[in-house]
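Structure first, then comments.
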Amino acid sequence: MEAAETEHWRGGRKPDYHLSATAMPAQRTAHHQAGSLEYITETLVQVFEMEVSHKTDPATWVSMATDRFRTRVNGGPWADAQELATQGSYNVLIGDSVFYRPDEESFESSHSTFLRSFSKGFFWEVLEVLSPPPVLTFKWRHWGVFDGTYKGFAPTGGLIEMFGISVATVGDDMKLLEVEHFYDPNHFLGQLTGGCPVAHGDNRTEG
């Protein structure tokens, strides 16, 4: 994890990744040799996620060329580094859905929602890299145990998984220039709401 001044961390403190170190290894399905392209790609994306989630100033981010970086989901509108810092990765990378309204969420509320839903960790791994730099195409898995409420919907205690493909263009220094993600956010969110937030409204709980 790259160093940063205290004032650059959200809340004035470094994030705690002890669950990634203790719980994630036994739950992951892919194990990559250090130095392999899969290992390098996974590390790059993990640093990216850490910086977007926990560093307030894109100028301190080292995973990307912040003056050129852009990202989008499923061919939607592009977002730059500052939009990620302001809106948050969940709001940008999930987008508008019948199950989730980013225009009703702040950076803080979006992160709080998913931290509460997956209190034991919401992990991410690279499954396979399909093409080498400068255009990294890779398959990934995102997962966690649904043990806390999601917008009033009661937790099931079950494993929630989503799978996708990302295409990342990197520079000679392996900094991210552009990333496109392809996955079905409604399938993921539907697992938290029983498929329909209206028809299954009787499954809601308080809190």
Side-chain angles (χ1 to χ4, degrees), residues 1-12 14-15 17 20 32 35-97 100-103 105-111 113-115 122-142 162-185 188:
M1 188 177 301
E2 296 294 327
E5 298 298 323
T6 300
E7 62 267 24
H8 292 316
W9 294 108
R10 294 185 186 275
K14 294 182 179 181
Y17 278 92
S20 294
H32 308 303
S36 67
L37 187 53
E38 285 79 9
Y39 181 91
I40 292 169
T41 301
E42 185 173 279
T43 300
L44 175 61
V45 176
Q46 287 172 340
V47 173
F48 163 83
E49 185 280 330
M50 177 275 294
E51 293 185 316
V52 171
S53 298
H54 299 288
K55 288 184 178 181
T56 58
D57 184 1
T60 68
W61 299 354
V62 300
S63 61
M64 68 181 75
T66 53
D67 59 332
R68 298 176 55 187
F69 179 80
R70 63 178 188 170
T71 188
R72 66 178 178 178
V73 174
N74 298 331
W78 292 102
D80 60 21
Q82 187 56 59
E83 288 172 296
L84 279 172
T86 302
Q87 298 176 33
S89 56
Y90 287 114
N91 289 332
V92 170
L93 300 179
I94 291 178
D96 194 42
S97 164
Y100 186 83
R101 302 295 187 189
D103 58 346
E105 303 285 349
S106 65
F107 183 108
E108 292 75 16
S109 69
S110 65
H111 278 255
T113 291
F114 290 100
L115 284 173
F122 193 31
F123 307 117
W124 185 92
E125 66 177 344
V126 165
L127 298 176
E128 181 182 5
V129 176
L130 304 175
S131 64
V135 181
L136 290 164
T137 304
F138 51 95
K139 298 178 181 179
W140 51 263
R141 170 181 175 247
H142 212 341
M162 61 175 162
F163 299 87
I165 292 179
S166 295
V167 181
T169 302
V170 298
D172 293 339
D173 55 2
M174 285 298 287
K175 289 192 175 184
L176 295 165
L177 305 177
E178 179 179 296
V179 183
E180 293 194 73
H181 301 288
F182 301 94
Y183 78 104
D184 184 356
F188 158 60

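Of all heavy-atom pairs between Val47 and Val62, the closest is CG1-CG2, 4.5 Å. Closest heavy-atom contact between His181 and Ser166: ND1-OG, 2.6 Å. Of all heavy-atom pairs between Lys175 and Ala65, the closest is CB-N, 4.0 Å. Residue Ser110 comes nearest to Gln87 through the heavy atom pair OG-O, 4.5 Å, listed as atom of the first residue, atom of the second, then distance. In this structure, Phe107 and Leu84 approach most closely via the heavy-atom pair CE1-O, 4.0 Å. Annotation for Asn91 and Ser106: closest pair ND2-O, 3.4 Å, computed over non-hydrogen atoms.
A donor-acceptor pair under 3.5 Å is absent between the side-chain atoms of Glu125 and the main chain of Glu42, judged by distance alone. A donor-acceptor distance shorter than 3.5 angstrom exists from the side chain of Thr71 to the backbone of Val179, with no hydrogens or angles considered. Here the side chain of Ser53 pairs a donor or acceptor atom with the backbone of Glu49 at under 3.5 angstrom. When atom types are taken as modelled, the side chain of Thr169 and the backbone of Val135 share no donor-acceptor pair closer than 3.5 angstrom. In this structure, the side chain of Trp61 engages the main chain of Lys55 through a donor-acceptor pair within 3.5 Å. In this structure a side-chain-to-backbone donor-acceptor pair under 3.5 Å is present from Glu83 to Asp80.
Taking CG of Leu130 as the reference point, atom OG1 of Thr41 lies at 10.5 Å (rounded to 0.5 Å). Distance check, rounded to the nearest 0.5 Å: NE2 of His32 to CD of Glu128 gives 9.5 Å. Here the straight-line distance linking atom CZ of Phe163 with atom CZ of Arg141 works out to 5.5 Å at 0.5 Å rounding. Distance check, rounded to the nearest 0.5 Å: CH2 of Trp124 to CE of Met162 gives 11.0 Å. Distance check, rounded to the nearest 0.5 Å: CG of Leu176 to CD of Glu51 gives 9.5 Å. Considering CG of Leu44 and CG of Leu136, their distance stands at 7.5 Å, rounded to 0.5 Å.
For the pair Pro133 and Leu37, the minimum side-chain heavy-atom distance is below 4.5 Å. A 4.5 Å side-chain heavy-atom check between Arg101 and Asp96 finds at least one atom pair inside the cut-off. Phe69 places none of its side-chain heavy atoms less than 4.5 Å from the side chain of Gln82. The shortest distance between side-chain heavy atoms of Tyr100 and Pro185 does not fall below 4.5 Å. With a 4.5 Å cut-off on side-chain heavy atoms, Val167 and Phe182 count as touching. Residues Val45 and Phe138 have side chains in contact (heavy-atom distance under 4.5 Å, counting atoms from C-beta outward).
For the ring pair (Phe, Tyr, Trp, His ring centres under 6.0 Å) test, residues two or more places apart in sequence or in another chain that qualify with His54 are Tyr17. Scanning for ring pair (Phe, Tyr, Trp, His ring centres under 6.0 Å) contacts around Phe122 gives Phe118, His142, Phe188, with sequence neighbours left out.
Counting non-hydrogen atoms of neighbouring residues, nucleotides and ligands closer than 6.0 angstrom, the CZ atom of Phe114 exceeds 12 such neighbours. The number of heavy atoms from other shown groups lying within 6.0 Å of CG (Asp67) is above 12.
Between the side chains of Tyr183 and Asn74, not a single donor N or O lies within less than 3.5 Å of an accepting N or O.
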